[in-house]
Amino acid sequence: MTNNGRVTKDGIRIYEPQDFAGMNRAGRLAARILDDVADHVVPGTTTGALDQFITEQVEAAGATSATIGYKGYQHASCISVNHVVCHGIPGDKVLKDGDILNIDVTVIVDGWFGDTSRMYVAGTASRKAERLVQVTHDALMKGIEAARPGNTFGDIGHAIQVYAESNRMSVVRDFCGHGLGRVFHAPPNVLHYGRPGTGAVLEEGMFFTIEPMINLGRPETKVLADDWTAVTRDKSLSAQFEHSIGITAQGCEIFTLSPNGTFHPTSG
Ligand code: MF3
Ligand code: CO
Ligand code: CO
């Protein structure tokens, strides 16, 4: 149990080597739940039914949902379909063939937070939707490749931005990744765009998410009247992938790796 952790001048907590194990257990559970929900993502089902399955899985594991009760949010997942960027509220929305959706789950295991999301397709996606999902996944992995001691948060954002924009897609500016650990959201804000060498320097023991949202059209978003659902202003398709990671001496460890290798077809 950590009690003497250091905090950097940027307010970022430095965790101890033994804390990685706790994050791994939480991350693995969140990822396993995302593995298991995949079979249920079919045309005709509802986002509410998917959330119900996730709620049951969290309970069956003896874990706690981090999102139920968070700022008044009432569900164990966020499910963001097509032009919904993030924070889609599960409900009676029926999935149709070709819909793409992000499912985002955060669990608490022994006080540690595991936060991950990935994309799914109901039925068969269009070529342009498939391309968006692939580029978004690869953009996350570019960010993760830049996550190592001595690099900066700007290096991570830059890697993501360059990759997305070179594929003629745009990076959402209105939402970002975040520190986490024994809390859900902590410093720093992990921007998915930026300039090399700017921002805080990465150190071994930092735990945070990278969770780029990439749009086929323009980057601007707006939040609907429910105060949660964020959508693209131009109604273009949006995609997102999220991992929780910890900085190691050499690079980083991904806490939310898929147990059965289905995070994305090209990466496991
Ligand atoms: N899991 C989201 C994130 O990646 C946060 C969801 S908060 C909620 O940070 F209240 F909308 F669930
Ligand atoms: Co997150
Ligand atoms: Co999340």
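Order of listing sets the numbers, starting from 1, for every ligand and every atom in it. Just so you know, these numbers use all the heavy atoms, side chains as well, and skip hydrogens, waters and symmetry mates. Nothing fancy with the numbering, it's 1 onward along the sequence.
- With a 4.5 Å cut-off on side-chain heavy atoms, I156 and I210 count as touching.
- Counting only heavy atoms of the protein, atom 5 (C) of ligand 1 lies nearest to F184 CZ, 3.7 Å.
- Nearest to atom 9 (O) of ligand 1 among the protein's heavy atoms is H185 NE2, 2.8 Å.
- Counting the atoms of ligand 1 from 1 in the order shown, those under 4.0 Å from a heavy atom of C78 are 6 (C), 8 (C), 11 (F), 12 (F).
- Under 2.8 Å from the Co ion (ligand 2) lies an N/O/S atom of H178, whether from backbone or side chain.
- Listed by number with element, the atoms of ligand 1 under 4.0 angstrom from any heavy atom of T106 are 1 (N).
- Annotation: Q74, atom CD; neighbour count of heavy atoms from other residues, nucleotides and ligands within 6.0 Å does not exceed 12.
- Side-chain contact check for Q240 and D104: no donor-acceptor pair (N or O, by modelled atom type) lies under 3.5 Å.
- Counting only heavy atoms of the protein, atom 2 (C) of ligand 1 lies nearest to D104 OD2, 3.3 Å.
- The atoms of ligand 1 that sit less than 4.0 Å from any heavy atom of H178 are 3 (C), 4 (O), 9 (O).
- Neither the backbone nor the side chain of K71 comes within contact range of ligand 1; no heavy atom lies under 4.0 Å.
- The number of heavy-atom neighbours closer than 6.0 Å to CZ of R195, taken from other residues, nucleotides and ligands shown, is 12 or below.
- Ligand 1 places these atoms under 4.0 Å from at least one heavy atom of T67: 12 (F).
- The residues R32 and D35 are annotated as not salt-bridged, no charged nitrogen and carboxylate oxygen being separated by less than 4.0 angstrom.
- Side chains of K128 and L216 form a contact here, defined as non-hydrogen atoms less than 4.5 Å apart.
- Proximity of the aromatic rings of F241 and H264 is defined here by a centroid distance below 6.0 angstrom, and this criterion is met.
- Considering only heavy atoms from C-beta on, D174 stays 4.5 Å or farther from V223 through its side chain.
- For ligand 1, none of its N or O atoms has an N or O atom of H87 under 3.5 Å away.
- At a 3.5 angstrom cut-off on N or O pairs, E242 counts as close to ligand 1.
- Side-chain contact check for H137 and S267: at least one donor-acceptor pair (N or O, by modelled atom type) lies under 3.5 Å.
- There is no side-chain donor-acceptor pair under 3.5 Å between E211 and H192.
- Checked by distance only, ligand 1 and D115 come closer than 3.5 Å through their nitrogen or oxygen atoms.
- Hydrophobic clustering (side-chain heavy atoms under 4.5 Å, transitive across Ile, Leu, Val, Met, Phe, Trp, Tyr) groups F255 together with I108.
- Inside a sphere of radius 2.8 Å centred on the Co ion (ligand 3), the protein N/O/S atoms present are D104 OD1, D104 OD2, D115 OD1, E242 OE1.
- For atom 4 (O) of ligand 1, the closest heavy atom belonging to the protein is E211 OE1, 2.8 Å.
- Checked by atom type, the side-chain pair N215/S236 shows no donor-acceptor distance below 3.5 Å.
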